[in-house]
Amino acid sequence: MPDKAHYGLLKGKKGIVFGPLDESSIGWQIALHAYNEGAEIAISNVATALRFGNIDELAGKCGDAPVIVCDATKNEDVDKAFVELKKKFGPVDFIVHSIGMSQNIRKQMPYEELNYEWFMRTLDVSGMSLHRLVSYALRNGAINDGGSILALSYIASQRNYWTYSDMGDAKSLLESIVRSYGPRLAQRGIRINTISQSPTYTKAGSGIPGFEQMHEYSDLMSPLGNASAEECAEYAVTLLSDLTRKVTMQNLFHDGGYSSMGATIPMIRLAHEALHDEDLARRVDLEDYKPS
Ligand code: NAI
């Protein structure tokens with residue numbers, strides 16, 4: 001098999017990745033893989049992330065990539081980011097949105113008692129920011145015809161995951177923005193999609209209460225097992241390349257088959273054993289999770 005780094009799938013292309021923080025970040029892996037596939041890369045994040053993350057290291061690994069400070073919830077920042085990008089770099093062929101954050105999850109607020117200011121912030125940071133990035137990229141002529149726009153989602157946009165809280169609502173918004181933009185961008189041959197990724201150990205991911213258990217459960221429920229951030233980046237590269245020019249307005253599952261499974265043998269066995277284990281039954285009160 002040829003070396004993964006030598007397909008040259010993105011040779012001659014330029015792109016910007018919003019949201020790499022450290023090596024665990026999905027955005028970090030996408031930037032690195034895109035660079036290794038021949039793309040010229042720019043990187044962006046908020047100022048605090050530049051201070052606390054390892055973004056300079058990533059920039060070094062991506063051929064001294066320009067780093068652009070931008071809070072994706074602020075119109076002026078996003079506008080300036082695309083002006084700067086165009087000046088330093090020229091218009092890009094792809095934009096990756098790898099941004100997400102919920103203060104309600106961080107503070108473990110029950111869904112019934114969400115802080116609404118934080119809820120608005122979750123929707124803004126994790127959903128509406130995609131709209132803003134696309135809007136200002138278009139206004140500034142910073143994306144080329146035939147380009148590709150990609151964001152990261154999670155299956156909680158469509159199904160209930162108790163602890164994913166208001167992020168599930170934000171992901172529904174994100175996926176809807178993708179559909180609303182689709183035909184408009186298509187007039188210039190630009191496509192827009194989300195990848196719905198397996199639970200992945202990152203800063204944002206592991207902040208979710210019970211993440212370890214969710215990760216284990218998801219792994220047992222996925223015929224191919226959970227997908228890693230690196231594997232997500234490999235898939236992302238195909239969506240940024242010319243091999244997927246007619247794929248648009250899709251939410252593409254990258255989850256080892258999880259989203260199509262009903263039950264798996266290991267999960268049925270584990271549940272059966274657990275339900276008949278009196279010690280365990282005493283520790284986990286199943287009645288808590290049934291309607292009263
Ligand atoms: P991460 O914590 O490495 O990346 C999230 C990034 O969002 C951080 O770099 C953070 O600085 C940035 N960010 C937060 N507020 C921002 C703002 N106002 N403006 C610009 N950037 C801002 O975590 P991860 O997991 O790599 O997250 C990337 C994307 O992948 C997110 O959309 C997340 O919801 C999604 N995703 C993550 C999964 C997981 O289990 N980790 C599963 C499925 C999707």
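Note that the coordinates shown come from a computational prediction; the quantities given were computed from them, not determined experimentally. Counting starts at 1 for both ligands and their atoms, in listed order. For the single chain, residues carry numbers from 1 onward in sequence order.
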Using a distance-only test with no angle check, is there a side-chain donor-acceptor pair under 3.5 angstrom linking Ser102 and Arg106?
-> no

Taking only heavy atoms of Thr73 into account, list the atoms of ligand 1 that are under 4.0 Å away from them.
-> 18 (N)

Is a salt bridge present between Asp145 and Arg188, judged by a nitrogen-to-oxygen distance below 4.0 Å?
-> yes

Would you check if Leu130 and Tyr181 make a side-chain contact, meaning some heavy-atom pair closer than 4.5 Å?
-> no

Selection from Asp77, Ile208, Asn226, Ile99 by shortest heavy-atom distance to atom 13 (N) of ligand 1 = Ile99

Of all the atoms in ligand 1, which lie at a distance below 4.0 Å from a heavy atom belonging to Pro199?
-> 40 (O)

Regarding Asn36 and Tyr7, is there a side-chain donor-to-acceptor distance under 3.5 Å anywhere?
-> no

Parallel, tilted or perpendicular for Phe82 and Phe18, by the 30°/60° rule?
-> tilted

Under 3.5 Å between some N or O of ligand 1 and some N or O of Gln197?
-> no

Distance-only donor-acceptor check, side chains Asp124 and Thr73, under 3.5 Å | no

min-distance protein heavy atom vs atom 15 (N) of ligand 1 -> Val125 CG1, 3.4 Å

Counting N and O atoms only, with roles assigned by atom type, does the side chain of Ser25 sit under 3.5 Å from a partner on the main chain of Leu21, one being a donor and the other an acceptor?
-> yes

Could you state whether Leu243 and Val237 fall into the same hydrophobic cluster, counting links through intermediate Ile, Leu, Val, Met, Phe, Trp or Tyr residues with side-chain heavy atoms under 4.5 angstrom apart?
-> yes

Per-atom contacts of ligand 1 with Gly205, taking only distances under 4.0 Å to non-hydrogen atoms = 41 (N)

Short N or O distance, Ala49 and ligand 1, threshold 3.5 Å exclusive = no

Heteroatom proximity flag, Ser153 to ligand 1, N/O under 3.5 Å = no

In the protein, what heavy atom is nearest to atom 25 (O) of ligand 1, and what distance, to one decimal place, separates them?
-> Thr202 OG1, 2.5 Å

Is the closest side-chain donor-acceptor distance between Ser153 and Glu175 under 3.5 Å?
-> yes

To the nearest 0.1 Å, how far is atom 18 (N) of ligand 1 from its closest protein heavy atom, and which atom is that?
-> Asp71 OD1, 2.9 Å

The protein heavy atom nearest to atom 3 (O) of ligand 1 is Ser25 OG, 2.6 Å

Considering only the protein, which heavy-atom contact is closest to atom 5 (C) of ligand 1, and what is its distance?
-> Ser98 O, 3.8 Å

For residues Asn104 and Asp166, is any side-chain donor paired with an opposing acceptor at under 3.5 Å?
-> yes

Option whose closest heavy atom lies nearest to atom 27 (O) of ligand 1, chosen from Ala229, Ser126, Ala204, Ser206 | Ala204

Using a strict 4.0 Å cut-off to heavy atoms of Lys171, name the atoms of ligand 1 that fall inside it.
-> 31 (C), 32 (O), 33 (C), 34 (O), 35 (C)

Heteroatom proximity flag, Thr200 to ligand 1, N/O under 3.5 Å | yes

Could you go step by step and tell me if His254 and Tyr235 meet the ring pair (Phe, Tyr, Trp, His ring centres under 6.0 Å) rule?
-> CA-CA 8 Å; His254 182 254; Tyr235 183 39; 5.2 Å; yes

Nearest protein heavy atom to atom 11 (O) of ligand 1, by residue and atom, and its distance?
-> Asn45 OD1, 2.8 Å

Carboxylate-amine/guanidinium contact Asp242 Lys13, below 4.0 Å | yes

Report, in ascending order of atom number, the atoms of ligand 1 lying under 4.0 Å from any heavy atom of Cys70.
-> 19 (N), 20 (C)

In this structure, atom 6 (C) of ligand 1 is nearest to the protein heavy atom Gly19 O, 3.4 Å

Do the charged groups of Asp77 and Lys80 touch, with an N to O distance under 4.0 Å?
-> no

Classify the angle between the aromatic ring planes of Tyr154 and Tyr164 as parallel (below 30°), tilted (30 to 60°) or perpendicular (above 60°).
-> tilted

Going by the atom numbers of ligand 1, which of them fall below 4.0 Å from some non-hydrogen atom of Met167?
-> 34 (O)

If you measure every N/O of Asp22 against every N/O of ligand 1, is any gap under 3.5 Å?
-> no

Region of Ser198 that comes within reach of ligand 1 [heavy atoms, distance under 4.0 Å] = backbone

Within reach of ligand 1, part of Ser196 (heavy-atom separation under 4.0 Å) | neither

State, with a plain yes or no, whether a side-chain heavy atom of His215 is found less than 4.5 Å away from one of Asn226.
-> yes

Look at atom 38 (C) of ligand 1 and say which protein heavy atom is nearest, naming residue and atom and giving the distance to 0.1 Å.
-> Ile26 CD1, 4.1 Å

Does ligand 1 have a heavy atom under 4.0 Å from the side chain of Phe211, from its backbone, from both, or from neither?
-> side chain

If you measure from each non-hydrogen atom of Ala72 to ligand 1, which part falls under 4.0 Å: side chain, backbone, both or neither?
-> both

Heavy atom under 4.0 Å from ligand 1: found in His97's side chain, backbone, both, or neither?
-> neither

